[in-house]
There are 2 protein chains.
Amino acid sequence: MPQRGRPRGFDADAALERAVEVFWRQGYEGASVSDLTAAMGINKPSLYAAYGGKEELFRKVVARYAEQDMGYARNAFAQPTAYQVVATLLRDNVLAVTRPDRPAGCLSIQGGTACSTQNAPVAGFLAASRLAGERALADRFASAVAEGDLPADADPAALARFVMIVTEGQSVHAAAGVTREALQQAAEIALAGFAAASGARLPEHATDTA
Amino acid sequence: MPQRGRPRGFDADAALERAVEVFWRQGYEGASVSDLTAAMGINKPSLYAAYGGKEELFRKVVARYAEQDMGYARNAFAQPTAYQVVATLLRDNVLAVTRPDRPAGCLSIQGGTACSTQNAPVAGFLAASRLAGERALADRFASAVAEGDLPADADPAALARFVMIVTEGQSVHAAAGVTREALQQAAEIALAGFAAASGARLPEHATDTA
DNA sequence: AGAATTCTGTACCGATCGGTACTGATCTGA
DNA sequence: TCAGATCAGTACCGATCGGTACAGAATTCT
């Protein structure tokens, strides 16, 4: 469909990317529309015309973030064993929440865990999306149990909850300024803990077929 | 010192307690002064006269919260072994962040992990206070190493970081509406993980002196 | 009784909030 | 060339933000 009327004078996708950083750094309520338009290099009416409003912009921002900055999670889910899924998830999450070219922490938490009553839907939306990820991880663990990769008495939902709790804590910690190296140490402890508590088969180097 | 002038018409401590709940539920920026005065049952000038302003009120709220709602942490630190310290801390933190008579989560995180630039000091203040707790826990673990309660090669700082990460994740999870029972399951996994990863001596029932 | 002091409540401050009306510029299709 | 459509930018909207001036009420000390 060819365009009709005056063409847009800015790159809507690039501007959305700028908005990601603002919401990430300042949270939903802490980011004013003026902050956003300044960072995006556009005027307010352009923001409303292109994205619909502050809340709609935020939801588009979260969607973009999930695509651009959460790819490591999809990669982790595709690992062949539950142990490797968790190892990849925890280690790559540390990298993701401590990227030097990005705000510290993750948008899902920095965006806002608590809001004014009128913005409560925003916090709820973020929380729901995190829990959806947890459900997906629990499903992955259930498959691992079915495959014999995890013991039959393992609790997929509880294990997924533990792992997601750790990733959330990693994000909060990173936002507090804790270094990547420090978080990596803690991630290895969490990973060892997962292995011990779940009874997951480890990727040992010479015990299986020898 | 006897009072001079008209006596205060409200209980400053009870009003502070109301403010705790508002900040806890809505975060620092999500709680307006009007929200606060409405919940506290006072007028705006009374708030400013009694507490100094919104930010000063928030700091007083955090101090009160630390005293009233974080007592479980002090109790946990006093446990005789590192394992029991962590067990108490993780289990009681689950109870604390899922109290039915309180907002979900903890004030330290719900108060705000991200803020507008002008309120950045508030988020920094909260983060610093969490990290201070982590340092205290690391000191406790260092003592455990010195006592032989933890192995000599245990890393107190890394272990403390792991435990605090879990408590922070528990808070985020609770704020998302996850039930106490679900968090308790995850806490036991974290505890087992801590034991395995740290090499802590467990409180076994018949292996020590038998 | 009266001065000094401290609190309460109303009414208000400038600034900023999210959001929009409107004019003029820029494009396509006829 | 001009109508129709879409965008950019200014200027503005009512509401709310955090914070305060000011007048009157309540108390203590002299």
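Numbered from 1 within each chain, the chains take letters A, B, ... in sequence-line order.
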Student: Return the value, rounded to whole Å, for the distance between atom CZ of B/R4 and atom C1' of C/dC7.
Tutor: 14 Å

Student: Are the side chain of A/R74 and the backbone of A/E67 linked by a donor-acceptor contact shorter than 3.5 Å?
Tutor: yes

Student: From the options D/dT10, D/dT6, D/dT27, select the nucleotide whose nearest atom is closest to the side chain of B/P7.
Tutor: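 Shortest atom-to-atom distance from the side chain points to D/dT27.
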
Student: Check whether any side-chain nitrogen or oxygen of A/Y48 sits under 4.0 Å from OP1 or OP2 of C/dG19, and answer yes or no.
Tutor: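 Answer yes for this pair, as a side-chain N or O of A/Y48 is under 4.0 Å from OP1 or OP2.
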
Student: Between C/dT8, D/dA8, D/dG18, which nucleotide has the shortest distance from any of its atoms to the side chain of B/K54?
Tutor: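 Closest nucleotide among those given: D/dG18.
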
Student: Which sits closer to the 5' end of DNA chain C, A/A31 or B/F10, going by the nucleotide each is nearest to?
Tutor: B/F10

Student: Thinking salt bridges, do B/E188 and A/R161 make one under a 4.0 Å N-O criterion?
Tutor: no

Student: Within this structure, what is the CD-to-C1' distance between B/Q118 and D/dG18, rounded to whole angstrom?
Tutor: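 In whole Å, D/dG18 C1' and B/Q118 CD are 9 Å from each other.
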
Student: Identify the two heavy atoms, one from A/F23 and one from A/V61, that lie closest to each other, and give their separation to 0.1 Å.
Tutor: CD1-CG2, 3.9 Å

Student: Can you tell me if B/S46 touches the phosphate of C/dC7, counting only side-chain N or O atoms and a distance under 4.0 Å to OP1 or OP2?
Tutor: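 The answer is no; no side-chain N or O of B/S46 sits under 4.0 Å from OP1 or OP2.
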
Student: Please report the distance, rounded to the nearest Å, between CD in A/Q26 and C1' in C/dG18.
Tutor: 16 Å

Student: Among C/dT8, D/dT10, C/dA25, which nucleotide has an atom closest to any side-chain atom of A/R6?
Tutor: C/dA25

Student: Donor-acceptor pair under 3.5 Å: do we get one between A/K44's side chain and the base of C/dG19?
Tutor: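 Indeed, a donor on one side and an acceptor on the other fall under 3.5 Å apart.
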
Student: Quick one: on DNA chain D, does A/G9 or A/G5 contact a more 5' nucleotide (nearest heavy atom)?
Tutor: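 It is A/G5, whose closest nucleotide lies nearer the 5' terminus.
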
Student: Between atom CD in B/E55 and atom P in D/dC17, what is the gap in whole Å?
Tutor: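 So the two atoms are 18 Å apart, to the nearest Å.
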
Student: Does a side-chain N or O of B/S34 approach OP1 or OP2 of D/dG18 to a distance below 4.0 Å, or not?
Tutor: no

Student: Grab the CG-P distance between B/L47 and D/dG19 for me, whole Å please.
Tutor: 9 Å

Student: Starting at atom CG of B/N119, determine the distance to atom P of D/dC17, rounded to an integer number of angstrom.
Tutor: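 Rounded to the whole Å, the gap is 14 Å.
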
Student: Could you state the CE-P distance from A/M40 to D/dA8, rounded to the nearest angstrom?
Tutor: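 Rounded to whole Å, this separation is 12 Å.
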
Student: For the side chain of B/E21 and the backbone of B/R102, is there at least one donor-acceptor N/O pair under 3.5 Å apart?
Tutor: no

Student: Starting from P on D/dT10, measure out to CD1 on A/I42 and report it in whole angstrom.
Tutor: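 Rounded to the whole Å, the gap is 14 Å.
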
Student: Run A/V145 and A/F141 through side chain to side chain contact (heavy atoms under 4.5 Å, CB included) and show every step you take.
Tutor: CA-CA 6 Å; A/V145 171; A/F141 288 159; 5.6 Å; no

Student: Need one value for B/A12: base, sugar-phosphate or nothing, where a base atom within 4.0 Å counts as base even if backbone is also close, heavy atoms only.
Tutor: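 Result for B/A12 = nothing.
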
